[in-house]
Amino acid sequence: QVQLAESGGGSVQAGGSLRLSCIVSDRLYESECVGWFRQAPGKEREAVASIKTEGGTTSYADSVKGRFTISHDNAKNTWYLQMDSLKAEDTAMYYCATDRRPGDQPGVWYEGCQYGYWGKGSQVTVSS
């Protein structure tokens, strides 16, 4: 019943910018947290940023602090990841995720939220 849809990925030169968007749909529950994760070929999935619905508290991986910004547009029910000053090492498949619902199996922990639902991903490629 929980669906996530990402968009906004693409190919850019190092130093460029991209903005990813994510729409989270759920008829029964509101998300407590929304996060962005990424996975590059041959590497494990890693958390990039997260935001809590209540209070808007944000968290960022050290590798993206000062360059990426996560935000939420309540009117459009859309979650964003603004990526500036992109580097080649940012190249990865980026996934939008939201917290698991009551009764769900354990998920992935990141900054106090347990993520259990994932989008299909949006590819970001940065050329150096």
Side-chain angles (χ1 to χ4, degrees):
Q1 64 184 27
V2 181
Q3 295 182 329
L4 300 90
E6 309 104 325
S7 62
S11 299
V12 298
Q13 290 286 111
S17 299
L18 286 173
R19 187 178 73 167
L20 302 181
S21 300
C22 174
I23 298 176
V24 180
S25 301
D26 188 346
R27 295 189 301 171
L28 300 179
Y29 297 97
E30 294 184 0
S31 296
E32 295 181 358
C33 311
V34 168
W36 288 94
F37 296 74
R38 67 186 182 186
Q39 186 168 25
K43 296 185 178 181
E44 296 184 354
R45 177 179 54 192
E46 64 174 341
V48 176
S50 68
I51 185 169
K52 295 183 178 180
T53 301
E54 183 176 347
T57 302
T58 58
S59 297
Y60 298 94
D62 290 340
S63 60
V64 306
K65 286 182 179 178
R67 300 189 298 117
F68 290 10
T69 304
I70 188 170
S71 62
H72 179 215
D73 187 330
N74 289 319
K76 297 182 179 180
N77 194 32
T78 303
W79 311 76
Y80 302 99
L81 182 67
Q82 177 67 42
M83 303 182 292
D84 298 321
S85 301
L86 284 163
K87 304 175 181 179
E89 51 263 42
D90 294 319
T91 296
M93 183 71 74
Y94 284 71
Y95 299 91
C96 180
T98 191
D99 54 292
R100 73 184 185 96
R101 271 42 177 170
D104 287 352
Q105 296 181 345
V108 177
W109 282 99
Y110 177 66
E111 294 293 333
C113 296
Q114 192 173 169
Y115 294 91
Y117 296 93
W118 306 83
K120 294 183 178 180
S122 184
Q123 180 67 41
V124 171
T125 302
V126 184
S127 301
S128 61

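The first residue in the sequence is number 1, and the count goes up from there.
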Option among Asp90, Asp84, Asp62 that satisfies the salt bridge (charged side-chain N to carboxylate O under 4.0 Å, His left out) test with Arg67: Asp90
Are Trp118 and Met93 connected in a single hydrophobic cluster, I mean Ile/Leu/Val/Met/Phe/Trp/Tyr linked by side-chain heavy atoms less than 4.5 Å apart? yes
Quick check on the hydrophobic clustering: are Ile51 and Phe37 connected, directly or via other members, by side-chain heavy-atom contacts under 4.5 Å? no
Not counting sequence neighbours, list each pair that qualifies as a disulfide (SG to SG under 2.5 Å) and has a residue in residues 81-128. Cys22-Cys96, Cys33-Cys113
Hey, does the side chain of [X] reach the backbone of [Y] with a donor-acceptor pair shorter than 3.5 angstrom?
| X | Y | value |
| --- | --- | --- |
| Gln1 | Asp26 | no |
| Thr91 | Val126 | yes |
| Tyr80 | Thr69 | no |
| Gln39 | Ala92 | no |

Lys/Arg N to Asp/Glu carboxylate O, Glu46 vs Arg38, below 4.0 Å: yes
Would you name the heavy atoms of Ser50 and Tyr115 that are closest together and state the gap between them? CB-OH, 3.2 Å
Give me the atom names and distance for the closest heavy-atom approach of Gly9 to Ser122. N-OG, 3.0 Å
Would you indicate whether Gln114, at its atom CD, is surrounded by more than 12 heavy atoms from other residues, nucleotides or ligands within a distance under 6.0 Å? yes
Working note: Ser31 + Arg101, criterion side-chain hydrogen bond (donor to acceptor under 3.5 Å, both in side chains); need CA distance, chi angles, decisive distance, verdict. CA-CA 8 Å; Ser31 296; Arg101 271 42 177 170; 3.1 Å; yes
Taking Tyr117 as the fixed residue, which of Thr98, Asp104, Asp99 is the one that meets the side chain to side chain donor-acceptor pair (under 3.5 Å) rule? Asp104
